[in-house]
Amino acid sequence: MTLWLALGLAGLLAAVYGFTLSRAPPSPAKLILKISGMLILTGVAAWMGAPWLLLAGLAASTLGDAFLAGRPERWLIPGMAAFFTAHVFYVILFWSAGQVSGDALNYAARAVLVLAGAGYIAWLSPSLGAMRWPVFAYGAVILVMGAAAIALPAGYGLVLIGALMFILSDAILANELFRRPSGEPARFWPSISLWHLYFFGQAAILLGFILR
């Protein structure tokens with residue numbers, strides 16, 4: 001009961017942020033509300049005795065959220081570095097949980113993800129400017145994370161769903177950051193979608209481990 005109350009509160013705070021302050025300019029209120037749900041998820045992971053790599057990934061993601069609550073021109077690179085670190089933790093976590101081998105369909109799914117992701121990054125490339133290499137590096141690690149999630153054995157369906165939601169969220173964010181016309185305000189539905197995909201994707205990854 002306590003677990004679901006905590007997760008419910010985290011989800012509620014995340015939804016409030018998504019529908020109110022996700023498109024607002026930087027402020028202390030935005031920062032606090034944005035990280036509140038992730039802090040609860042991180043606390044739940046610690047309380048439930050989740051693998052330390054999961055706890056580290058959630059903590060690094062929370063730090064990334066804090067950076068990205070600020071102005072992108074100043075905090076985008078630190079935010080990407082924090083999330084890059086989170087994905088490294090997740091890759092090692094997924095590898096340590098076991099990986100499917102000898103399954104042609106699974107290999108094909110991993111290949112489709114990586115090729116689609118690489119194609120999307122190539123499409124973004126002309127708009128990246130000085131951010132090209134940081135985006136390439138980040139794109140590589142998140143695709144490895146996704147492939148590692150696809151390769152998880154049976155019983156990790158929630159983790160796979162959460163990882164794919166995380167990737168889709170970052171794809172929408174990249175489009176908003178690098179393809180939206182300069183000076184155009186953040187758009188409502190992309191902002192709402194990317195935040196909720198991200199947050200509830202993280203929650204699914206957490207649940208996929210602690211409910212096993």
Side-chain angles (χ1 to χ4, degrees), residues 14 17-18 21-39 41-42 53-93 113-114 116-149 162-187 190-199 201-202 205:
Y17 170 78
L21 297 182
S22 61
R23 297 186 303 142
S27 69
K30 178 175 182 174
L31 170 63
I32 292 168
L33 187 56
K34 184 175 187 180
I35 66 173
S36 59
M38 284 299 296
L39 286 172
L41 294 188
T42 306
L53 287 164
L54 176 56
L55 182 60
L58 291 169
S61 298
T62 305
L63 180 62
D65 284 333
F67 284 136
L68 295 183
R71 298 192 179 280
E73 60 270 19
R74 179 174 181 182
W75 297 110
L76 180 57
I77 289 291
M80 290 177 65
F83 279 111
F84 183 99
T85 304
H87 290 308
V88 170
F89 285 132
Y90 284 155
V91 168
I92 300 170
L93 173 65
L113 174 70
V114 171
Y120 185 73
I121 294 168
W123 175 74
L124 286 174
S125 182
S127 304
L128 297 177
M131 290 297 296
R132 177 171 298 179
W133 291 109
V135 170
F136 285 177
Y138 183 84
V141 75
I142 197 171
L143 290 174
V144 171
M145 185 274 291
L164 295 178
M165 289 171 69
F166 203 152
I167 292 170
L168 181 56
S169 169
D170 275 352
I172 297 170
L173 177 60
N175 185 69
E176 287 298 287
L177 286 173
F178 302 116
R179 300 285 295 187
R180 190 176 77 243
S182 179
E184 181 180 297
R187 292 176 290 186
S191 298
I192 296 298
S193 300
L194 72 88
W195 170 251
H196 289 88
L197 284 166
Y198 160 75
F199 180 84
Q202 293 273 31
I205 293 171

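Side-chain contact between Arg23 and Ile192 is absent, with no heavy-atom pair separated by less than 4.5 Å. In this structure, the side chains of Met131 and Leu177 stay at 4.5 Å or more apart for every pair of heavy atoms. Residues Tyr90 and Leu54 are in side-chain contact: their nearest non-hydrogen atoms beyond the backbone lie under 4.5 Å apart. In this structure, the side chains of Arg187 and Asn175 come closer than 4.5 Å at one or more pairs of heavy atoms. Contact annotation: the side chain of Leu58 approaches that of Gln202 to within less than 4.5 Å [non-hydrogen atoms, C-beta and beyond]. Using a 4.5 Å cut-off on side-chain heavy atoms (C-beta onward), Phe83 and Asp65 make contact.
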**Request:** Applying side chain to side chain contact (heavy atoms under 4.5 Å, CB included), run through Asp170 and His87 and close with a yes or a no.
**Result:** CA-CA 12 Å; Asp170 275 352; His87 290 308; 4.0 Å; yes
**Request:** Mind running side chain to side chain contact (heavy atoms under 4.5 Å, CB included) on Thr85 and Leu63 for me, showing each step along the way?
**Result:** CA-CA 10 Å; Thr85 304; Leu63 180 62; over 6 Å; no
**Request:** For side chain to side chain contact (heavy atoms under 4.5 Å, CB included), just list the numbers for Tyr17 and Ser36, CA-CA rounded to whole Å, side-chain angles, deciding distance to a tenth of an Å, and then say yes or no.
**Result:** CA-CA 9 Å; Tyr17 170 78; Ser36 59; over 6 Å; no
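For the residue pair Gly70 and Trp75, the shortest heavy atom distance occurs at CA-CD1, 3.7 Å. Here the closest non-hydrogen pair linking Ser191 and Ser22 is CB-OG, 4.2 Å. Nearest heavy-atom pair across Trp195 and Gly18 is CD1-CA, 3.6 Å. For Ala147 against Val114, the heavy-atom pair with the smallest separation is CB-CG2, 4.5 Å. Residues Ala86 and Gly57 share a closest heavy-atom pair of CB-O, 3.5 Å. In plain terms, the two heavy atoms of Ser61 and Tyr198 that are nearest each other are CB-OH, 3.5 Å.
One distance of note links CZ of Phe84 with CD1 of Ile77; it measures 12.0 Å at 0.5 Å rounding. Atoms CE and CD1, on Met145 and Ile205 in that order, are 5.5 Å from each other to the nearest 0.5 Å. Annotation: the span from Ser193 atom OG to Leu168 atom CG amounts to 8.5 Å, rounded to 0.5 Å. To the nearest 0.5 Å, atoms CZ (Phe136) and CG (Leu128) are separated by 6.0 Å. Here Thr62 contributes atom OG1 and Lys34 contributes atom NZ; the two are 11.0 Å apart, rounded to the nearest 0.5 Å. Atoms OH and CG, on Tyr138 and Leu143 in that order, are 10.0 Å from each other to the nearest 0.5 Å.
Every residue two or more places apart in sequence or in another chain that forms a side-chain hydrogen bond (donor to acceptor under 3.5 Å, both in side chains) with Ser125 is listed here: Arg132.
Ring planes of Tyr120 and Trp123: tilted class, angle from 30 to 60°.
Under a 3.5 Å cut-off, the side chain of Ser169 and the backbone N or O of Met165 do not form any donor-acceptor pair.
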